[in-house]
A.B. asks: 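Have a look at this one.
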Number of protein chains: 2
Amino acid sequence: MTILATDVLRRTPLFASLPEDDLRWAASVAVPRRYGKREAIFREGDAVEGFYVVASGKVKVFKLSEEGKEQVLHVLGPGQSFAEAALFEGGAYPAYAETLAQTETFLIQKRPFLDMLERRPKVAIRMLGSLSRWLRQMTGLVEDLSLRDVEARLLLFLSGELQDRGIPLKDGATLELPFSKNVLASRLGTVPETFSRALKKLQEDGRIDVRGKRIRIVSAASLMAGKATAGPNRRTGTAEPGRR
Amino acid sequence: MTILATDVLRRTPLFASLPEDDLRWAASVAVPRRYGKREAIFREGDAVEGFYVVASGKVKVFKLSEEGKEQVLHVLGPGQSFAEAALFEGGAYPAYAETLAQTETFLIQKRPFLDMLERRPKVAIRMLGSLSRWLRQMTGLVEDLSLRDVEARLLLFLSGELQDRGIPLKDGATLELPFSKNVLASRLGTVPETFSRALKKLQEDGRIDVRGKRIRIVSAASLMAGKATAGPNRRTGTAEPGRR
DNA sequence: CGGTCGATTGAGAAACCTCAACGAGGGTGG
DNA sequence: CCACCCTCGTTGAGGTTTCTCAATCGACCG
């Protein structure tokens, strides 16, 4: 069965509550595409056709090192779009995109969409919001990778997931990991082995309870605390900012 | 002496070759600000006033960990702008900005600028280009931090710098580091000690020659090669993308 | 039931960070 | 003009985190 482009687009931040005819116009340049599980949508270096909106399924966007290690930048589900920035920068996608499950997407073609932007400032401004969110996420990822160890990243991810779903962060709250542990490990910038050990440690410390993909928060208080009882700052030197 | 806003804005990608009256209008909402060396422009969490264009001097934008370690996201010089994305996302800056030298900036205030965007789709589209470039840089930084060791990051930085200045990458090419080694270390996601050792190793391997901030490329060929003579791929597993 | 995939565990190695000490250079105040 | 101080950069030693490699186990699929 086929999914209606207008219905999908209406759910995206980018196109939501646009005048009906704008929406139909956008839908008219949206190319439906279906993928099997573990299928490439595009690869780094591929020529940019446009950006994508996920109608159903799940997609991971990632970078790949020469040795074959991957860093997941984002995992997207229905209603989310990706590769928007590729429209405005160079002619090639700067990362890989691959399905994690059977997936349907709409490709919004570059040329028609850019033309639309000129006539619809409102859409351009929404797009600015989209890119800004992406940018914030990426700087957050940089911060994670550079300034936090794996355990801290994992904790941050868990509380972020809870928040995204509106689940209050308190003892007993549970959530289901939205994708496989291997993918999550890569999203957190580590390998499955290290990730597994981090999960185990948190469990042994009595902070969470793991049963498969189900995580139960045992001690919400300790989730937020840096490292149980962290010591005071160590390094001062050039570290303190704004000290004129 | 004071710098004319119009002259500065004209040099930025965002405002370049805009109609003269648009430019003057933008300049009229630009607030000039001067800072001493090592002075904070804003801190993470500060309320967003607008974004900044550097007129003279040098600014670093960075994240700070609880322990005081910093990760430099970008260093900006005259004609460059920063914190654009903060206009569209939340009300607080997501990072720190601090001068590296005496600096003059123009603050482009949020409210008037957003109003302008509605009337000037062209500016909005340029802004999309700006954000996309930022986004690409940040994903590049993520890739660096996650998938490359310090030595590789350093090499990549060096060849990137050469390219930015239009210096052909061949034996004997030289460049001057655009900022202190400590800042560069932080930009590369490491500490001064590790950075220093990486430089030393490259020199001992006969790939570059270091004299203070002056770097001379001794063996351009080996700059590009992953690690002199790298072996074939190791890990396969989930690594290879697009294998359906 | 064999096979594949995701996940886990152990052991060892590698990269990186921390701490401490030191030297060179630049600016400042006496 | 010189002594002092401060910052920047470097070096050494040791510790920590993370990665690598290998083996194993359970679940699911054909």
Side-chain angles (χ1 to χ4, degrees), chain A residues 36-38 60 65 67-72 100-101 144-154 177-204 210-215 227 231-240 243-244, chain B residues 36-38 60 65 67-71 100-102 144-154 177 179-186 188-204 210-215 227 231-240 243-244:
Chain A
K37 189 175 179 171
R38 274 171 163 280
K60 73 173 173 189
S65 77
E67 296 87 30
K69 191 186 167 192
E70 57 175 73
Q71 168 68 49
V72 169
L100 291 175
D144 262 20
L145 292 172
S146 173
L147 305 177
R148 289 192 246 271
D149 61 21
V150 171
E151 183 178 317
R153 287 177 230 164
L154 173 51
L177 296 183
F179 29 82
S180 82
K181 293 182 180 177
N182 282 353
V183 172
L184 181 48
S186 172
R187 210 330 309 260
L188 296 179
T190 186
V191 295
E193 295 95 322
T194 300
F195 172 80
S196 180
R197 284 184 254 264
L199 258 190
K200 190 182 176 188
K201 176 160 183 301
L202 288 181
Q203 183 158 22
E204 286 172 347
V210 184
R211 257 200 324 278
K213 287 186 156 191
R214 247 207 158 60
I215 312 277
K227 284 202 165 202
N233 289 6
R234 270 176 277 178
R235 211 162 238 248
T236 355
T238 67
E240 292 298 337
R243 143 132 54 80
R244 62 136 294 135
Chain B
K37 189 174 178 173
R38 271 167 166 285
K60 74 173 172 189
S65 77
E67 296 87 30
K69 191 187 167 190
E70 55 175 77
Q71 167 68 50
L100 292 176
Q102 194 163 307
D144 261 20
L145 292 172
S146 173
L147 304 177
R148 290 192 246 271
D149 61 22
V150 171
E151 184 178 316
R153 287 178 230 164
L154 173 51
L177 296 182
F179 31 82
S180 82
K181 292 181 180 177
N182 282 354
V183 172
L184 181 49
S186 172
L188 296 179
T190 186
V191 295
E193 296 94 322
T194 300
F195 172 80
S196 180
R197 285 184 254 264
L199 258 190
K200 190 182 175 189
K201 177 160 182 302
L202 288 182
Q203 183 158 22
E204 285 171 348
V210 184
R211 259 200 323 278
K213 289 186 153 190
R214 252 212 153 56
I215 311 277
K227 285 202 164 202
N233 289 6
R234 269 176 278 179
R235 212 163 237 247
T236 355
T238 68
E240 291 297 338
R243 146 131 52 82
R244 53 147 308 142

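So you know, we letter chains A, B, ... as the sequences are listed, proteins then strands, and number each from 1.
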A.B. asks: Nearest 0.5 Å, what's the CD-CG distance between A/Glu67 and B/Leu147?
C.D. replies: 8.5 Å

A.B. asks: Take B/Arg153 and A/Lys181, find for each the nucleotide of DNA chain C with the closest heavy atom, and name the residue whose nucleotide sits nearer the 5' end.
C.D. replies: A/Lys181

A.B. asks: Nearest-Å distance, CZ (B/Arg148) to C1' (C/dC16)?
C.D. replies: 18 Å

A.B. asks: Does A/Thr190 have any side chain to side chain donor-acceptor pair (under 3.5 Å) partners at least two apart in sequence or in another chain, and if so, which?
C.D. replies: none

A.B. asks: Quick one: does any side-chain atom of A/Ser146 pair with a main-chain N or O of B/Gly189 as donor and acceptor, under 3.5 Å?
C.D. replies: no

A.B. asks: Under 4.0 Å: is that the gap between some side-chain N or O of A/Thr194 and OP1 or OP2 of D/dC19?
C.D. replies: yes

A.B. asks: Taking only the side-chain heavy atoms of B/Lys200 (C-beta and beyond), determine which of C/dC17, C/dC16, D/dT11 contains the nearest atom.
C.D. replies: D/dT11

A.B. asks: Let me know the distance between CD of A/Glu204 and P of C/dT9, rounded to the nearest Å.
C.D. replies: 8 Å

A.B. asks: Is the side chain of A/Arg38 donor-acceptor paired with the backbone N or O of A/Ala101 at a distance under 3.5 Å, no angle test?
C.D. replies: no

A.B. asks: Take atom CG of B/Leu147 and atom C1' of C/dC16, then tell me their distance rounded to the nearest Å.
C.D. replies: 16 Å

A.B. asks: Distance check needed: D/dC19 P versus A/Asp149 CG, whole Å only.
C.D. replies: 11 Å

A.B. asks: Of the candidate nucleotides D/dT10, D/dA13, D/dC19, which contains the atom at the shortest distance from the side chain of A/Arg197?
C.D. replies: D/dC19

A.B. asks: C/dG27 C1' sits how many Å from B/Lys37 NZ, rounded?
C.D. replies: 11 Å

A.B. asks: Over all strands shown, is B/Ser180 touching base, sugar-phosphate only, or nothing at heavy-atom distances under 4.0 angstrom?
C.D. replies: sugar-phosphate

A.B. asks: Within the side chain of B/Lys181, is there an N or O that forms a donor-acceptor pair under 3.5 Å with the backbone of B/Lys213?
C.D. replies: no

A.B. asks: List the residues meeting side chain to side chain donor-acceptor pair (under 3.5 Å) with B/Lys201, not counting sequence neighbours, and say none if there are none.
C.D. replies: B/Glu151, B/Asp205

A.B. asks: Tell me whether the OP1 or OP2 atom of D/dC19 has a side-chain N or O from A/Lys69 closer than 4.0 Å.
C.D. replies: yes

A.B. asks: Would you mind reading off the bend of the helix from C/dC1-D/dG30 to C/dG30-D/dC1 from its two end axes, five pairs each, to 10 degrees?
C.D. replies: 30°

A.B. asks: Kindly point out which of C/dC19, C/dA7, C/dT8 is positioned nearest to the side chain of B/Glu193?
C.D. replies: C/dC19

A.B. asks: How many whole angstroms separate atom CG of B/Leu188 from atom C1' of D/dG9?
C.D. replies: 15 Å

A.B. asks: Does OP1 or OP2 of C/dA7 have a side-chain N or O of A/Asn182 closer than 4.0 Å?
C.D. replies: yes

A.B. asks: In whole angstrom, give the distance that lies between atom CG of A/Leu145 and atom P of D/dT17.
C.D. replies: 17 Å

A.B. asks: Need to verify one output field. Residue with the more 5' nearest nucleotide on DNA chain D, B/Ser146 or B/Val210?
C.D. replies: B/Val210

A.B. asks: Is any side-chain N or O of A/Arg38 closer than 4.0 Å to OP1 or OP2 of C/dG6?
C.D. replies: yes

A.B. asks: Measure the CG-CG distance between B/Asn182 and B/Leu100 for me, rounded to the nearest 0.5 Å.
C.D. replies: 11.0 Å

A.B. asks: Expressed in angstrom and rounded to an integer, what is the separation of A/Lys201 atom NZ from C/dA7 atom P?
C.D. replies: 22 Å

A.B. asks: Just to be sure I understand the rule, does A/Gly212 reach a base, reach only the sugar-phosphate, or reach nothing, if contact means heavy atoms closer than 4.0 Å?
C.D. replies: nothing

A.B. asks: Do side-chain atoms of A/Arg187 reach the backbone of A/Gln71 as a donor and acceptor pair under 3.5 angstrom?
C.D. replies: no

